[in-house]
> 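Before anything else, here's the structure in question.
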Amino acid sequence: GNVYINAGQIQGNSGNIGFSLTGNNNTFYNLGEISGTTNSIVISGSGNQLVLGQMAYLPAFDVVVTGLGPSMSGAVSSTGDNDIVLTDNGSSAVAFSGFSDLTMRGNFWTLSGDFSLTGAGLGSLAVDAGSLLLTGAVDTAGGAAVRAGGSLFVGDAAGPGAVLVAPGGVSVAPGGT
């Protein structure tokens, strides 16, 4: 697959979609700003990864690319078996839909937009490391897994109406919260 990196600013053509990725087994790092009135990001295909963070390391080239962190206006959607990975620190208030899995591998993230995950496994929402705060409505077809060193928070004073729907349950490993 290919690797795409945004560390600057992308504005949608005619304002509709900021970035569209079609294909299989690609990785898109959003380290910058993407705007679209309908969708900021649309991904279709299978095996693609959307990585949101402040840094991308490309070991094949021994290159590190940095950005200010992801900023998106407009929903983020996927069709197919595609995943989201959160790295570093960040926050997002946009809606995410159609992704199979979301994995937290960063330090601290807040997701205040509503989102749905289609993955049926226990770890369709996984916190591998760091703290993930959900303040919107989160619906996963599977379950949530919090691994050692990870913390999952559903709601806070700013988002007391937060909801996590996880039919597969929530599993917290020793050392996770």
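Throughout, numbering of the chain's residues begins at 1 and tracks the sequence.
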> What is the distance from atom CG of L117 to atom OG of S78, rounded to the nearest 0.5 Å?
10.0 Å

> Flag yes if W109 and M72 sit in one hydrophobic cluster, no otherwise; membership is Ile, Leu, Val, Met, Phe, Trp, Tyr, and two members link when side-chain heavy atoms are under 4.5 Å apart.
yes

> If you take all heavy atoms of A173 and A148, which pair is closest and at what distance?
CB-N, 3.9 Å

> Is it the case that one hydrophobic cluster holds both L122 and V172, taking links as side-chain heavy atoms less than 4.5 Å apart, direct or via other members?
no

> For V170 and A166, work out which heavy atoms get closest and say how close.
CG2-CB, 4.4 Å

> Please examine the side chains of P167 and V165, heavy atoms only from C-beta on, and report whether any two atoms are closer than 4.5 Å.
yes

> Are more than 12 heavy atoms, taken from residues, nucleotides or ligands other than L68, located less than 6.0 Å from that residue's CG atom?
no

> Report the distance from atom CZ of R147 to atom CZ of R105, rounding to the nearest 0.5 Å.
9.0 Å

> Taking all heavy atoms of Q49 and all of V85, pick out the closest pair and write down the distance.
NE2-CG2, 3.6 Å

> Angle class for the F28/F19 ring planes (parallel below 30°, perpendicular above 60°, tilted otherwise)?
parallel

> Given N2, which partner from the list L21, N25, N26 fulfils the side-chain contact (heavy atoms from CB on, under 4.5 Å) test?
N26

> I'd like to check T66 versus L31 (side-chain heavy atoms, cut-off strictly below 4.5 Å). Are they in contact?
no

> Sort out for me which residue in V127, L132, L133 forms a side-chain contact (heavy atoms from CB on, under 4.5 Å) with F153.
L133

> Quick check for you: to the nearest 0.5 Å, what is the distance between D81 atom CG and F99 atom CZ?
11.5 Å

> Is it true that V65 and F61 fall in one hydrophobic cluster, defined by side-chain heavy atoms closer than 4.5 Å?
yes

> Out of the candidates V51, N48, L102, only one should pair with I84 under the side-chain contact (heavy atoms from CB on, under 4.5 Å) rule; please name it.
L102

> Is there side-chain contact between L125 and L164, with heavy atoms separated by less than 4.5 Å?
yes

> Any donor-acceptor pair under 3.5 Å linking the side chain of N39 with the backbone of G74?
no

> Which value, rounded to the nearest 0.5 Å, describes the distance between L50 atom CG and S77 atom OG?
10.5 Å

> Any heavy-atom pair between the side chains of M55 and T87 that's under 4.5 Å?
no

> Counting distance only, does the side-chain N/O of N16 pair as donor-acceptor with the main-chain N or O of T38 below 3.5 Å?
no

> With heavy-atom distances below 4.5 Å as the criterion, would you say the side chains of S73 and S40 are in contact?
no

> Quick check against the 3.5 Å criterion: does D114 have a side-chain atom that pairs as donor or acceptor with the backbone of A137?
yes

> Could you check whether any side-chain heavy atom of V76 comes within less than 4.5 Å of a side-chain heavy atom of F115, counting everything from C-beta outward?
no

> Is T135 reaching over with its side chain to a backbone N or O of G155, donor-acceptor style, under 3.5 angstrom?
no

> Between N107 and G130, is there a donor-acceptor pair closer than 3.5 Å when you use the side chain of the first and the backbone of the second?
no

> To the closest 0.5 Å, what do you measure between CD1 (I41) and CG (L52)?
6.0 Å

> Considering all heavy atoms of both residues, which atom of Q54 and which atom of G69 are nearest to each other, and what is their separation?
CG-CA, 3.8 Å

> Quiz question: by atom type and distance under 3.5 Å, do the side chains of S91 and T110 form a donor-acceptor pair?
no

> Group every Ile, Leu, Val, Met, Phe, Trp and Tyr by side-chain heavy-atom contacts under 4.5 Å, then state whether V94 and V42 land in the same group.
no

> Rounded at 0.5 Å granularity, tell me how far OG in S46 sits from CG in N82.
6.0 Å

> Are L86 and Y29 in one and the same hydrophobic cluster, where Ile, Leu, Val, Met, Phe, Trp and Tyr link if side-chain heavy atoms are under 4.5 Å apart?
no

> With ring-ring contact (aromatic ring centres under 6.0 Å, His included) as the rule and sequence neighbours excluded, what pairs involving residues 62-84 come up?
none

> Which residue in the set T140, D101, D83 passes side-chain hydrogen bond (donor to acceptor under 3.5 Å, both in side chains) when paired with S124?
T140

